[in-house]
Amino acid sequence: LTAVQLTKDTLDNIKKTDDKIQAFVRLHEETALAEAAAADEKGDFSNVLAGIPMAMKDNIATKGLETTAASKILADFKPVYDATVTKKLKDDGAVIIGKANMDEFAMGGSSETSAYKQTKNAWDQDKVPGGSSGGSAAAVAAGQVAYALGSDTGGSIRQPAAFNGIAGMKPTYGRVSRFGLFAMASSLDQIGPLTRTVRDNALVLNAISGFDQNDSTSSERAVPDFTEKLGESIKGMKIAVPKEYFQEGLSNEVALQVRAAIEQMKTMGAEVTEVSLPHTHFGVAAYYILMSSEGSSNLQRYDGIRYGHRAKDAKELEEVYKKTRSEGFGNEVKRRIMLGTYSLSAGAYDAFFKKAAQIRTLIIQDFNKVFEDYDLIVGPTTPTQPYGMGEELGDPKTMYLGDALTIPVNLAGLPAMSVNAGFNAGLPIGLQIIGRPFDEQSIYQLAYAFE
Ligand code: GLN
């Protein structure tokens, strides 16, 4: 099998299945076939990613190829550079088959805020795929590609992974360069892999990790081989289960499957103990203030002058800004820009932004304390299973509460992964494994033993 043949087969299959799933905003057929041909020409397949087609979330820059963050304001926008992760994958011979759909600017949990299309859950097309990396997750779960990249600011890799029954890793803040990721909230954003197996996940993380001088928050720490501990026994591993992760809003089905998974870990010799992360409950409120504040500031650059869409009939500068932004941004993005600019305004700063930042510190301290005695923390990824299309779109608060179990991890910059814990009524349930900073290896070890 040549890379070109594999790429052709992949494109054919996507064309057949994507009417149903709608995972891709666009395919990059020509460049994908050229990348595959280059891999064949080189003939060196010692790198596991060489010649393998993948899906890129639509907020990760690909040079010369439309990258729109699923927003109208970036319609037709072609970056003049590659994101660092894009460059790394290209250097490894990867084939970028297309852009995966997502919530507009990664703001959302169902991929329904996309300005372009509605991705469906791979297991049941009446249900949402989760979000914001819903296209990435559905494409992998539906067998369209072996892996995809997503981004996770408050759960956007782990939640859609859980909703589609696959593996999704949000690495430690700083592990993967954010250069070329369209910024949502810079102190929370991380890029990570979505895959069907834990081993594949570790292999992709190997490829995209490492220091980058273009991202001042990327870490200089050495990158280990993330497959190294796969297959090692989890006997004696100290696992903490936070009681707050099993409280209000958690569905019985999710609780049952996750408890069963934890029992299985005990059978394999892990030492499991209940612990408390007392400030968990404040995470959602703090996150939506901090995220919106950083987000409103990051989105100032979309002014109609520098990138993408510009309103046609505006006569002077301020009108260009106003019209362009009114036309270009969707409702969820506008809601957050308003919330963010308000939280940062002189009169509201102390009561909102500052308080939220203080809560963030308390949440970090909660985790630090538990990690003094335990190797890993496990619990559910999401409080519920995938819900129906359209069911929560008009009700942002309910949607925001769905992030309660993933958000604290971003506030603390920790690595965490969602793996499938089983199914109920034909729909998947995710188990979340949270690790110490830069200890993705132990997460993979447990996930692999459990898989
Ligand atoms: N669902 C969360 C939000 O809407 C998380 C998004 C993300 O991680 N990008 O903000």
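As the structure lists them, so they are numbered: ligands from 1, and atoms in each ligand from 1. Please read all numbers here as calculations on a predicted model, not as lab measurements.
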Any N/O pair A106/ligand 1 closer than 3.5 Å:
yes

Of all residues at least two apart in sequence or in a different chain, which pass the side chain to side chain contact (heavy atoms under 4.5 Å, CB included) check with P428?
W123, N420, F423

Is the distance between the ring centroids of F182 and Y302 under 6.0 Å?
no

When you measure from atom 5 (C) of ligand 1 to every protein heavy atom, which one gives the shortest distance, and what is it?
Y287 OH, 3.4 Å

Polar side-chain atom of R196 near backbone of V145 as donor-acceptor pair, under 3.5 Å:
yes

I'd like to know if the side chain of N121 and the backbone of V128 have a donor-acceptor N/O pair within less than 3.5 Å.
yes

With nothing but distance in play, are any N or O atoms of S156 less than 3.5 Å from an N or O of ligand 1?
yes

Regarding ligand 1, does G108 bring an N or O atom to under 3.5 Å of one of the ligand's N or O atoms?
yes

Students should be able to answer this: which protein heavy-atom is nearest to atom 2 (C) of ligand 1, and at what distance?
D403 OD2, 3.1 Å

For ligand 1, note which part of M184 has a heavy atom under 4.0 Å away: side chain, backbone, both or neither.
side chain

Ligand 1 atoms nearer than 4.0 angstrom to some heavy atom of G154 are 5 (C), 7 (C), 8 (O)

Tell me, yes or no, whether the heavy-atom count around K78 atom NZ, taken from other residues, nucleotides or ligands under 6.0 Å, exceeds 12.
no

Answer with side chain, backbone, both or neither: which part of S132 has a heavy atom less than 4.0 angstrom from an atom of ligand 1?
side chain

How are the rings of Y400 and Y288 set to each other: parallel, tilted or perpendicular (split at 30° and 60°)?
parallel

Part of T153 within contact of ligand 1 (heavy atoms, under 4.0 Å)
both

Would you say ligand 1 has an N or O under 3.5 Å from any N or O of G155?
yes

Could you tell me if R259 sits above the aromatic ring of F246, with its cationic atom closer than 6.0 Å to the ring centre and no more than 45 degrees from the axis?
yes

Suppose the criterion is side-chain hydrogen bond (donor to acceptor under 3.5 Å, both in side chains): which pairs have a residue in residues 351-364, not counting sequence neighbours?
S187-R360

With a 4.0 Å heavy-atom cut-off (strictly under), which part of R336 contacts ligand 1: side chain, backbone, both or neither?
side chain

Short N or O distance, S151 and ligand 1, threshold 3.5 Å exclusive
no

With a heavy-atom distance limit of 4.0 Å, tell me whether Y288 approaches ligand 1 through its side chain, its backbone, both, or neither.
side chain

I'd like to know whether D395 forms a side-chain hydrogen bond (donor to acceptor under 3.5 Å, both in side chains) with T398, so could you lay out the CA-CA distance, the side-chain angles of the two residues, the decisive distance to 0.1 Å, and finally the verdict.
CA-CA 6 Å; D395 181 6; T398 308; 2.3 Å; yes

